[in-house]
Amino acid sequence: MDNRPSSHAVGVSLCDSAPLLWRVEDLRTVRSQGLVGALLGSLPRTPRQNVRLGRPLLLLEEEETLLRERQAAAAGYQQDGRGAELRLQVQQHQEDQQRSYEEQSVLALEDRKSALLRAMTSSHTESGAGALDGALRGRLEALDRSFTFPCSALAVQLSTARAGLSYCPEARSILRADRPIRGRDELSCDTGRYQVFTDLRGRGFYLTSAGKFGGDFLVYPGDPLRFHAHFIAICVSKNESVGLLDLLSVARLGSNVKKTVLLCSPGPDGRVLYTSLQWSGMV
Amino acid sequence: MADQNKKEPELKFYNEILTMIHSVHVTAVCSYPTSNHTASFVSLGRISSPSELFAARSRSHKIPVRGQKDFFPDDSDEQRRRLEQSLTEHWSLISEERVEKLGNLVKATWIPSEQIVELQSPAGKFWQTMGFSATAKQFLLPEEALYLMECGDLQVLHQDLPLSIQDGYEKFLSSSTVSLLQYQVFGHLKRLGYVVHRFDPSSQPSSYARQLNLPQSRDRAEKRVKRKRSDSPSTTSSHTEAQEESDRMEDKRGGHEGEDDEKLPESHPVTSPETSGTHNAAASSAGAGGGGTWWMADVLGDQSDHQRASGSSSHRDFSSILFPDLGSREHLPSCLASPDPSLLPGSLAVGVCDVSHWRRRINLREVKMSPKEQEREEARWKRRWDVNKDRQVRQCRNWAEYRELLARRGGRREGRPAHLWNREVTPLHDPRQPIPTGQLLDKISVIESTHLLEGASRLKDSDDWRICFNVYQPDSVADFKKSNPGKPYSRMCVCSFGGLVPDLRAIKQLALQSGDVPVVFAVVDHGDISFYTFKDFQLPTDVIP
């Protein structure tokens with residue numbers, strides 16, 4: 001996996017010190033690099049269910065660190081408008097709204113007309129073409145005169161992501177220098193975990209969080225959309241002693257969910273030592 | 001289309017767009033005309049064109065079902081195709097934007113100074129379970145507003161511009177309102193249909209008040225808005241507190257009057273320890289006849305201290321306050337001493353109480369026996385064995401020997417052997433004393449069973465573990481009243497897998513705070529939420545009562 005700076009920098013915005021991605025192109029970029037993340041928000045199409053969630057995407061600490069190392073992440077540009085710029089934005093918004101209203105009323109009228117046409121042609125298939133034309137023209141003209149598109153019928157968009165600066169290369173370099181995502185003292189990434197993460201990612205595995213399985217990472221052989229996880233990775237340092245009961249509980253858990261437990265110990269030379277636990281039964 | 005002879009090119013263009021949109025999901029990024037923008041403000045955000053917005057009326061509202069997953073990646077075309085299909089479907093769902101008719105949206109504004117959202121148009125159906133009114137306006141809490149924004153029911157404006165969901169997350173969620181973790185739990189439960197409200201520890205009645213089943217008159221709105229300001233008691237907030245306490249005291253007074261009339265209206269000292277720490281029934285029944293306000297002024301001074309003290313969880317241990325048992329057969333003094341002055345409000349002095357005439361009124365009559373029973377008693381009396389006829393007794397020459405004889409006999413017959421009972425260490429229980437089996441088992445048990453709330457009142461509140469939400473069940477939504485929600489189904493405490501596991505001290509403290517409502521720990525792990533709860537459990541003792 002190459003680590004050269006990518007051409008597209010994703011905008012990471014912090015909410016309550018958690019790294020979130022909001023824009024679809026950022027999500028796609030990040031997925032193409034093999035980072036999955038977790039969706040947190042309601043899905044716009046069906047907001048009242050928990051099976052499928054929508055944006056924002058929450059990144060793991062390790063994923064955020066990886067993106068920063070590849071110089072592929074930049075702080076999201078956030079600024080409350082002030083004074084003249086704010087007035088300009090408000091004016092722009094109102095003009096956009098007005099334009100949208102005009103276009104939508106035209107569309108609504110055409111839609112009504114075509115619905116009328118369909119209704120009339122389906123009910124008047126037997127009568128002659130002349131009579132049809134006359135009645136039709138009359139009705140269409142009446143529609144033209146009396147049709148109003150009420151303001152309350154205007155469809156508006158409730159944007160998910162904030163419209164802001166684009167992440168074109170020049171802008172990205174300015175952003176990176178001036179505005180790091182976090183302060184230097186906030187770097188709290190556990191280096192052992194990060195080493196394991198990068199090693200497994202480098203081997204082509206997809207990794208997500210495994211708190212509910214009692215581990216550090218869930219390891220998928222391919223994209224999680226299509227494959228089941230194979231391993232539960234637990235980071236243990238080489239010098240740390242593991243109690244037998246802990247080992248047994250972790251092994252039991254793994255066998256209950258049909259996954260292999262992987263004990264990962266990062267070494268000093270950057271290599272990681274893996275030990276797998278699998279329930280073999282009595283011999 | 002039949003009317004192509006009319007406004008042709010324009011119409012054709014729009015019609016083509018309509019048909020295109022109807023048949024294919026819109027996934028392309030649509031950039032807005034930038035003719036009148038300055039170079040620095042180039043928006044590449046996902047803003048739909050008016051035709052897209054118009055066409056969104058007829059969007060499907062179903063999500064495609066996910067197929068079976070594969071186990072192992074083999075480089076087959078079949079798998080690759082299915083992966084691409086899943087990904088395409090995924091991106092189309094994720095990139096869809098919320099489109100609503102203006103008439104269906106409730107408008108609101110964000111007020112950053114109060115950290116609250118004020119509604120500008122009348123609330124919809126959500127008003128039954130969310131939001132509160134204050135000063136003739138309708139308000140929503142930030143987490144409620146954000147949830148409604150995500151559902152597409154609410155549009156929040158700030159500085160005349162509509163906020164995006166991203167703006168909502170960044171502005172509404174913080175450690176002073178609701179954190180991101182807590183909002184995730186909030187949203188998860190709301191999407192399932194539960195009613196979720198913020199937990200307010202100061203509105204919890206003490207266990208004693210709950211025992212009395214006192215009605216709760218809480219004004220949620222005022223409490224909420226007042227809570228936004230500083231925690232230190234300002235004059236306005238203490239006034240509201242006093243107001244609410246006076247409301248509560250009015251209710252208690254009504255309750256007590258009823259009880260007092262039935263039982264012992266004159267025994268003030270007996271009831272006053274009962275109500276110490278929360279309210280003074282004696283004062284109320286004394287002042288019930290006269291005007292209500294004179295004693296409130298006196299009592300309030302102490303009450304606010306008491307209330308604040310009880311607020312910081314120095315709950316009184318009512319089990320240590322003794323009730324005199326006037327009906328017992330043991331000899332009681334005919335006068336009850338005056339109660340401990342620390343249990344009474346400062347201005348009240350209570351003297352000694354003469355209970356002799358009460359004791360006379362309690363039924364201490366002897367049992368009247370029927371003639372047959374009387375005969376039996378007399379026969380028993382006649383059959384009493386005369387001690388002087390006993391040969392061994394006659395052999396005793398003096399009282400000392402007789403006592404020794406009794407001791408020997410007592411030990412042998414009654415099961416109290418001397419070698420056990422005449423030493424420093426004696427058996428736990430004298431077999432001559434009657435005792436029920438259950439109590440006997442308790443007496444000889446080495447390990448005592450305990451329950452969750454034991455010792456909990458002595459614990460100080462900790463900052464690490466806090467109850468965040470009250471959760472009410474979904475099927476109560478129809479008759480849910482915000483002013484009187486009733487007992488919640490459970491209370492949520494939000495934490496994450498990266499943090500500590502709650503220890504026994506935390507669990508006890510939270511259980512005490514929650515009262516009789518179970519506390520559920522919602523553990524958040526990057527979008528996945530697991531719920532855990534600790535249940536009190538008693539090992540059964542096999543005892544025939």
Side-chain angles (χ1 to χ4, degrees), chain A residues 13 15-16 18 22 24-25 27-28 38-50 52-56 58 60 78 81 86 89-90 93 100 103-104 107-108 110 113-114 117 121 151-164 166 209 211-212 221-223 225-228, chain B residues 1-3 11 14 42-48 50-51 53-54 56-57 61 63 69-73 82-83 86-87 90-91 93-103 149-152 155 159-161 164-167 169-170 173-174 179-180 184 188 191-192 497 525-528 530:
Chain A
S13 67
C15 169
D16 202 15
W22 286 94
V24 184
E25 51 270 26
L27 267 76
R28 289 179 101 122
L39 291 168
L40 298 186
S42 307
L43 191 68
R45 186 183 274 204
T46 44
R48 287 181 171 87
Q49 45 84 31
N50 282 313
R52 274 189 116 141
L53 297 177
R55 284 175 282 158
L58 174 68
L60 292 173
Q78 33 181 311
L86 177 65
Q89 285 178 350
V90 174
H93 170 72
S100 180
E103 289 183 25
Q104 284 192 40
L107 287 171
E110 295 313 318
K113 282 183 180 172
S114 51
L117 263 174
T121 44
C151 250
S152 60
L154 174 68
V156 293
Q157 173 175 315
L158 304 159
S159 304
T160 312
R162 178 171 48 227
S166 73
S209 171
K212 62 184 190 287
D223 196 300
L225 274 180
R226 276 257 58 109
F227 300 101
H228 290 294
Chain B
M1 292 273 150
D3 52 351
L11 200 56
Y14 279 126
V42 175
S43 85
L44 276 185
R46 181 77 181 80
I47 298 178
S48 316
S51 49
L53 291 176
F54 185 75
R57 297 177 313 164
H61 280 279
I63 32 175
K69 287 197 193 181
D70 296 319
F71 183 72
F72 197 77
R82 266 184 285 170
L83 175 61
S86 298
L87 275 176
H90 180 73
W91 295 128
L93 278 178
I94 297 292
S95 57
E96 234 173 48
E97 293 284 339
R98 293 165 178 87
V99 177
E100 278 293 328
K101 288 198 189 154
L102 265 186
M149 278 169 72
E150 288 203 272
C151 285
Q155 188 186 45
Q159 296 176 319
D160 292 326
L161 287 173
S164 62
I165 309 288
Q166 180 176 2
D167 290 320
Y169 266 73
E170 287 170 10
L173 302 181
S174 68
S179 72
L180 180 65
Q184 282 179 47
H188 181 94
R191 285 191 282 266
L192 290 173
F497 275 113
D525 168 42
H526 284 86
D528 278 315
S530 318

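All figures in this text were calculated on a predicted structure; none of them were measured in a lab. Below, all heavy atoms of this structure are taken into account, side chains as well, without hydrogens, waters or symmetry copies. Letters A, B, ... are given to chains in the order of the sequence lines, protein chains preceding strands, and every chain is numbered from 1.
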Answer with side chain, backbone, both or neither: which region of A:T160 has an atom nearer than 4.5 Å to a non-hydrogen atom of chain B?
-> both
Ignoring hydrogens and angles, tell me if any N or O in the side chain of A:Q104 forms a donor-acceptor pair with the backbone of A:A155 under 3.5 Å.
-> yes
For A:V90, does its backbone N or O pair with a side-chain atom of B:D160 as donor and acceptor, under 3.5 Å?
-> no
In chain order, what residues pass the salt bridge (Lys or Arg N to Asp or Glu O under 4.0 Å) check against B:D167, with sequence neighbours excluded?
-> A:R162
Of the backbone (N, CA, C, O) and the side chain (C-beta and beyond), which part of B:S530 lies under 4.5 Å from a heavy atom of chain A, both, or neither?
-> side chain
Among the listed options A:P221, A:A108, A:P47, A:G54, the residue most often paired with chain B at heavy-atom distances under 4.5 Å = A:P47
Most heavy-atom pairs under 4.5 angstrom with chain A, which of B:R98, B:Q155, B:H90, B:K101?
-> B:R98
For B:Q184, is it the side chain, the backbone, both or neither that has a heavy atom under 4.5 Å from a heavy atom of chain A?
-> side chain
Looking only at A:N50, A:L154, A:L60, A:L58, most heavy-atom pairs under 4.5 Å shared with chain B are made by A:N50
Greatest number of heavy atom pairs closer than 4.5 Å to chain B - which of A:R48, A:H93, A:Q49 = A:R48
Yes or no on side-chain contact (heavy atoms from CB on, under 4.5 Å) for A:V24 and A:R55, after CA distance, side-chain angles and deciding distance?
-> CA-CA 8 Å; A:V24 184; A:R55 284 175 282 158; 3.6 Å; yes
Against chain B, work out which of A:G41, A:A38, A:S209 has the most heavy-atom pairs shorter than 4.5 Å and name it.
-> A:S209
Return the set of residues passing ring-ring contact (aromatic ring centres under 6.0 Å, His included) with B:H188 (not counting sequence neighbours), or none when no residue passes.
-> B:F531
Side chain, backbone, both or neither of A:P56 within contact of chain B (heavy atoms, under 4.5 Å) | side chain
Which atoms form the tightest heavy-atom contact between A:W22 and B:E170, and what is the distance?
-> NE1-OE2, 4.3 Å
A:D16 side chain to A:A18 backbone, donor-acceptor under 3.5 Å | no
